[in-house]
Amino acid sequence: MAHNVIAVYPGTFDPMTLGHEDVVRRATQLFDRVIVAVAAGHHKKAMFTLQERIEMARLVAQPYPQVEVESFSGLLRDFVVSRGGKAMVRGLRAVTDFDYEFQLAGMNRSLMPDVETVFLTPSDKYQFISSTFVREIAVLGGEVDKFVSPSVQQKLIDKVRSLGRE
């Protein structure tokens, strides 16, 4: 059995949901170190700044001493290789995620032949949560406490207020 196996869990985490948190927890049970890699520049327009997303991820990661949070820009491959990652963790919610994730895993395998992609499914109660839905609910003034941790919920409330969308 390999020791000190490093896994990278990449994402935008805009914001970090209980589903993401569940995947982080599951990853800590499988790997010695987990790096939550927060994507800097992204094709999606982020509600939260990179710094805010890193902060939220760090709050969520606090209970897990073997989890580090870092940002990355550019090719994920370069980040994973530079950190000595042996696995890439991806959360799968539903069959709708699978097609995209399967293609992504194939591309990543050709870019990083020695890094395995590991799919983890969040607990049933988090299957339907997406950051996009959480952002939309928050902007429309809905309750998001069932989908995000209290610290993330407060940041969402503050962000919506600062955008003047109450």
* Co-membership, hydrophobic cluster, residues Ile6 and Val89, 4.5 Å side-chain -> no
* Asked: Under a 4.5 Å side-chain heavy-atom rule over Ile, Leu, Val, Met, Phe, Trp and Tyr, are Met107 and Met112 clustered together?
  -> no
* Side chain of Arg135, backbone of Met47: donor and acceptor closer than 3.5 Å? -> no
* With distance as the sole test, does Arg53 use its side chain to make a donor-acceptor pair with the main-chain N or O of Ser71 at under 3.5 Å? -> no
* Asked: Going by the angle between their ring planes, with limits at 30° and 60°, are Phe147 and Phe128 parallel, tilted or perpendicular?
  -> perpendicular
* To do: Please examine the side chains of Phe13 and Val38, heavy atoms only from C-beta on, and report whether any two atoms are closer than 4.5 Å.
  => yes
* Over all heavy atoms of both residues, which pair between Gly19 and Tyr126 is shortest? Give the atoms and the distance, please. => CA-CB, 3.8 Å
* Asked: How long is the span from the OG atom in Ser151 to the CZ atom in Arg58, to the nearest 0.5 Å?
  -> 14.0 Å
* Is the side chain of Asp22 donor-acceptor paired with the backbone N or O of Pro122 at a distance under 3.5 Å, no angle test? -> no
* **Minimum heavy-atom distance between Lys146 and Ile129, given as atom pair plus value** => O-CD1, 4.2 Å
* To do: List the steps, then state whether side chain to side chain contact (heavy atoms under 4.5 Å, CB included) holds for Lys125 with Leu18.
  => CA-CA 9 Å; Lys125 60 181 180 240; Leu18 292 176; over 6 Å; no
* **Verdict with reasoning, Phe98 to Leu92, per side chain to side chain contact (heavy atoms under 4.5 Å, CB included)** => CA-CA 7 Å; Phe98 187 78; Leu92 269 189; 3.8 Å; yes
* To do: Decide whether Met16 and Met88 are clustered together by the hydrophobic rule: side chain heavy atoms of Ile, Leu, Val, Met, Phe, Trp, Tyr closer than 4.5 Å, transitively.
  => no
* To do: Quick one: do Val8 and Phe79 satisfy side chain to side chain contact (heavy atoms under 4.5 Å, CB included)? Show the steps, please.
  => CA-CA 9 Å; Val8 175; Phe79 179 83; 3.9 Å; yes
* Asked: Which heavy atom of Pro15 sits nearest a heavy atom of Met56, and at what distance?
  -> CB-SD, 3.9 Å
* Do Ile137 and Phe48 share a hydrophobic cluster (ILVMFWY, side-chain heavy atoms under 4.5 Å, transitive)? -> yes
* Asked: Which pair of heavy atoms, one from Ala46 and one from Asp14, lies closest together, and at what distance?
  -> CA-OD2, 3.1 Å
* To do: Apply side chain to side chain contact (heavy atoms under 4.5 Å, CB included) to the pair Phe31 and Lys86, showing each step before the final yes or no.
  => CA-CA 10 Å; Phe31 303 103; Lys86 287 291 164 228; over 6 Å; no
* Under the criterion side-chain contact (heavy atoms from CB on, under 4.5 Å), which of Thr17, Leu120, Thr28 is the partner of Val23? -> Leu120
* Asked: Once you round to the nearest 0.5 Å, how far does CZ of Arg90 lie from CG of Leu104?
  -> 5.5 Å
* **Non-hydrogen side-chain atoms of Val148 and Val134 separated by less than 4.5 Å** => yes
* Asked: How long is the gap from NE2 on His20 to OG on Ser149, to the nearest 0.5 Å?
  -> 12.0 Å
* Structure fact -> To the nearest 0.5 Å, atom CD of Glu21 lies from atom OG of Ser123 at 12.0 Å
* Ion pair present between Arg83 and Glu70, side-chain N to carboxylate O less than 4.0 angstrom? -> yes
* Asked: Hey, are the side chains of Gln154 and Ile157 touching, using non-hydrogen atoms and a 4.5 Å cut-off?
  -> yes
* **Closest contact, heavy atoms only, Val69 versus Ala61** => CG2-CB, 4.1 Å
* Asked: What's the shortest heavy-atom distance between Val144 and Ala138, and which atoms?
  -> CG1-N, 3.9 Å
* Asked: Would a distance-only check, ignoring hydrogens and angles, find a side-chain to backbone donor-acceptor pair under 3.5 Å from Thr12 to Ala39?
  -> no
* Could you tell me whether the side chain of Val24 reaches within less than 4.5 Å of the side chain of Tyr9, counting heavy atoms only? => yes
* Asked: Is there a chain of hydrophobic side chains (I, L, V, M, F, W, Y, each step under 4.5 Å between heavy atoms) that links Leu111 to Val80?
  -> yes
* Between Lys155 and Glu52, is there a salt bridge with N-O shorter than 4.0 Å? -> no
